[in-house]
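Before any comments, here is the structure.
Counting begins at 1 with the first residue of the sequence. Reckoned from all heavy atoms, side chains included, excluding hydrogens, waters and symmetry mates.
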Amino acid sequence: MNRLPVTYTLWLASANAAAVEAARIHGCHGITIDMEHGVFDRSDVDRLILLARESGLQSFVRVAEPTRIAVQNPLDSGATGVIIPHVDNLDHAREVTAFAKYPPMGDRSVGGGRTFGYGGGDEAFYAAENTRVRCFPMVETVGALEDVDAILALDCVDGIFLGPADLNMARGRKGAFGAADMRDRSRVAEACRKTGKDFGMNVYTTGDMEASREIGLTFAALCDDVAALLDGYGRVVSDARRIIEGA
């Protein structure tokens, strides 16, 4: 299998600056900020994106909702890319992914601030920004899964980010994961492979890692800061009880 290079990011569920440093220390390419389910305000995200940039890291944001302002805000702060949840189908994908790219490719509004270097932009800037920004609609609805090939053909789409849990529920499987879910995942992976675009998802376990290798995952969002904290403290407490108390 001819593989695209894999991008590794640490998933952030909270405004944890130390987690950004941890991503750099451990050789990750960047961070992914979860505004849909995480605990952030707009200024948190702006500071984390700046910290990532100054640390030499990429920054991706799963936006809170598939709307223009939700997509444009992190890009105006300089984010490397956006992950857009709850995309219904091809028509919806065409509308919401356009918010990530400037005309004539898309329909992103022209702002100022960090993205512009606190100055203005010219034709070359807008073309370069459209190339720099990565846009990943999520496949987590039945409609998006059915339209995945056509969604990947959109100019504003740089890849797909799979939402396996929501897709499982949308398919009526009630949280019971099995062979049907693996087939859905392989379908998305194959569509990405055929177009040469990125395929991303959260990777939580070694089983996920093994499956990711088989299907050619190219954007791995690893762990999250809260889960890592719980895991680390859990091991410390377990070791302390075992060693100090002989438990």
Determine whether Phe219 and Thr9 make a side-chain contact, defined as any pair of heavy atoms from C-beta on separated by less than 4.5 Å. yes
Hey, does the side chain of Arg68 reach the backbone of Asp107 with a donor-acceptor pair shorter than 3.5 angstrom? yes
Would a distance-only check, ignoring hydrogens and angles, find a side-chain to backbone donor-acceptor pair under 3.5 Å from Arg62 to Met138? no
Test item: Asp147 side-chain N/O and Leu90 main-chain N/O as donor-acceptor pair under 3.5 Å: yes
Treating Thr97 as the side-chain partner and Cys135 as the backbone partner, does any N or O pair qualify as donor plus acceptor under 3.5 Å? no
Can you see which heavy atom on Leu48 is nearest to which on Ile31, and at what distance? O-CD1, 4.1 Å
Val87-Leu167 co-clustered via ILVMFWY side chain contacts under 4.5 Å: no
Between Pro85 and the options Met35, His37, Glu140, Glu65, the side-chain contact (heavy atoms from CB on, under 4.5 Å) test singles out Glu140
Backbone of Ser109 reached by a side-chain donor or acceptor of Gln72 within 3.5 Å: yes
So does Arg132 pair up with Asp158, basic N to acidic O under 4.0 Å? no
Output yes when a side-chain donor or acceptor of Asp44 lies under 3.5 Å from a complementary backbone atom of Asp41, and no otherwise. yes
Which pairs would a plain distance check flag for residues 117-127, meaning a side-chain donor or acceptor within less than 3.5 Å of a matching protein atom at least two apart in sequence or in another chain?
| unit_1 | atom_1 | unit_2 | atom_2 | d |
| --- | --- | --- | --- | --- |
| Asp122 | OD1 | Ala124 | N | 3.2 |
| Asp122 | OD1 | Phe125 | N | 2.9 |

Polar side-chain atom of His29 near backbone of Tyr8 as donor-acceptor pair, under 3.5 Å: yes
Could you walk me through whether Cys192 and Leu152 pass the side-chain contact (heavy atoms from CB on, under 4.5 Å) test, one step at a time? CA-CA 7 Å; Cys192 291; Leu152 280 162; 4.0 Å; yes
Using the rule given for salt bridge (Lys or Arg N to Asp or Glu O under 4.0 Å), can you reason through Asp239 versus Arg235, listing the C-alpha separation, both sets of side-chain angles and the distance that settles it, and then say yes or no? CA-CA 6 Å; Asp239 287 346; Arg235 283 186 281 110; over 6 Å; no
Only counting residues at least two apart or in another chain, list the ones meeting side chain to side chain contact (heavy atoms under 4.5 Å, CB included) with Asn130. Lys101, Tyr102, Met105
Would you call Arg187-Asp184 a salt bridge at under 4.0 Å N-O? no
Main-chain N/O of Gly234 paired to Ser238 side chain as donor or acceptor, under 3.5 Å: no
Parallel, tilted or perpendicular: which one describes the rings of Phe136 and Phe60, with boundaries at 30° and 60°? perpendicular
pair Thr32-Ile83: side-chain heavy atoms closer than 4.5 Å: yes
Do Leu154 and Val96 share a hydrophobic cluster (ILVMFWY, side-chain heavy atoms under 4.5 Å, transitive)? no
Residues Arg171, Asp181: salt bridge by 4.0 Å N-O rule: no
Ile215 versus Ala189, closest heavy-atom pair with distance: O-CB, 3.4 Å
